[in-house]
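Structure record follows, encoded as structure tokens.
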Amino acid sequence: MESWSPLALRVVVTGAAGFIGSHLCDRLVADGHSVLGLDNLSTGTMRNLRGLREHARFSFRTHDVCTEFDCAGRVDVIYNLACPASPKDYLEGPIRTLLASALGTRNMLDLALRKAAVFLQASTSETYGDARVHPQPEGYWGNVNPVGPRSVYDEGKRFAEALTMAYNRRHGVRTRIARLFNVYGPRMRRTDGRVLPAFLDQALRGVPLTVFGDGSQTRSFCFVADIVDGMVRLAASGVCDPVNLGADEEITVLELASSVQEAVGGSSGIEHHELPQDDPRRRCPDISRAKRVLAWEPNVGMAEGIRAMLASYRAGGASTPGEEPVGDG
Ligand code: UDP
């Protein structure tokens, strides 16, 4: 029987087998906490949890958050990450995406209420939509097309934020809302459709990089370890208002393509494709609140982060979904 430090928490993480969720589980277990991971394995994979499966303080249940959930014993903190997050995934599963944000968040808030746990909702910069204010502070209410194809994600997450605040106001649940901007790092599926895995995969295969539109749209990319650190700090803070977590260095998609080609070596060229509907033109977080209330800012620069991701892909990580052993949990 292992001894517990006084600060050891019992934590539930939904979306535990996903890209960010699995890194969060790694961090929480490394910090000495006990973690119960939940995932329906629709976009996540048990491969992401390989390092934890045998760990005494980690357990896993295959569970869809849309179904009510309960567990025995104390729960101190719930991190609610379960939701398809790449545009390709959520456009392919529009209804399950909305329900993951609606029913999933309701079920996990109910668990937080029963257990008197801190509840952290993983939200998104997509709540700002095609922003008219730049960079985006938390006080900006956003410009979202409520009936466009992306609304299944954007409005789902906006509903999840509203529900989180309602449980806070109505039931006194200690809630947190992390608005995550573009995150990248090892374990992103090479074919999940997001720009960095797509570019790295294409450059490694020596085929042209698929730039949507003219490539002048911007994003800011934050390495996953920094995001996880921000979420852990936010959970421990008393801050109920939303907090942006992301890198505040804005780059165009074309600049990103060049950086990837430089990191991989060789040039496979670029191929322009149609810009998806409602693709935000500019995105960059104002992170002054996170700096002030969490003493947080990103540490890993893009060149270093891309090198780490590239190394993991070269080592055979994040294979295509068809090659992944799904459902062994
Ligand atoms: N994008 C691209 N080529 C790709 C995938 C994405 O040019 O193969 C663009 C996309 O149109 C968007 C940006 O890269 O402007 C980021 O897209 P991603 O899907 O990674 O995330 P988003 O920020 O749109 O949710």
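Counting convention: from 1, in listed order, for ligands and their atoms alike. Quick caveat, the model's predicted, so the values are computed rather than measured. Just so you know, residue 1 is the first one in the sequence shown, and it goes up from there.
For the side chain to side chain contact (heavy atoms under 4.5 Å, CB included) test, residues two or more places apart in sequence or in another chain that qualify with Thr252 are Thr218, Leu254, Glu255.
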Need the list: ligand 1 N/O atoms against protein N/O atoms, distance under 3.5 Å, rounded to one decimal.
from: ligand 1; atom 1: 3 (N); to: Thr210; atom 2: O; distance (Å): 2.6
from: ligand 1; atom 1: 7 (O); to: Phe212; atom 2: N; distance (Å): 2.8
from: ligand 1; atom 1: 8 (O); to: Thr210; atom 2: O; distance (Å): 3.2
from: ligand 1; atom 1: 8 (O); to: Thr210; atom 2: OG1; distance (Å): 2.9
from: ligand 1; atom 1: 11 (O); to: Asp279; atom 2: OD2; distance (Å): 2.6
from: ligand 1; atom 1: 15 (O); to: Gln217; atom 2: NE2; distance (Å): 3.0
from: ligand 1; atom 1: 15 (O); to: Arg219; atom 2: NH2; distance (Å): 3.3
from: ligand 1; atom 1: 15 (O); to: Asp279; atom 2: OD1; distance (Å): 2.7
from: ligand 1; atom 1: 15 (O); to: Asp279; atom 2: OD2; distance (Å): 3.4
from: ligand 1; atom 1: 20 (O); to: Val195; atom 2: N; distance (Å): 2.8
from: ligand 1; atom 1: 23 (O); to: Asn182; atom 2: ND2; distance (Å): 2.9
from: ligand 1; atom 1: 23 (O); to: Arg219; atom 2: NE; distance (Å): 2.7
from: ligand 1; atom 1: 23 (O); to: Arg283; atom 2: NH1; distance (Å): 2.7
from: ligand 1; atom 1: 24 (O); to: Arg150; atom 2: NH2; distance (Å): 3.1
from: ligand 1; atom 1: 24 (O); to: Arg219; atom 2: NH2; distance (Å): 3.2
from: ligand 1; atom 1: 25 (O); to: Glu126; atom 2: OE2; distance (Å): 3.3
from: ligand 1; atom 1: 25 (O); to: Arg150; atom 2: NH2; distance (Å): 3.2

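A salt bridge is absent between Arg283 and Glu250; no separation between the charged side-chain nitrogens and carboxylate oxygens falls under 4.0 Å. Remark: Arg174 does not engage Asp76 in a salt bridge, criterion side-chain N to carboxylate O under 4.0 Å.
Applying the side-chain hydrogen bond (donor to acceptor under 3.5 Å, both in side chains) definition to pairs two or more places apart or across chains, those involving residues 269-281 are Asn145-Asp278, Ser216-Arg281, Arg219-Asp279, Glu271-His273. Identified under the side-chain hydrogen bond (donor to acceptor under 3.5 Å, both in side chains) test for residues 95-104, with sequence neighbours left out: none.
The main-chain N or O of Ala17 is found under 3.5 Å from a side-chain atom of Asp39 such that the two form a donor-acceptor pair.
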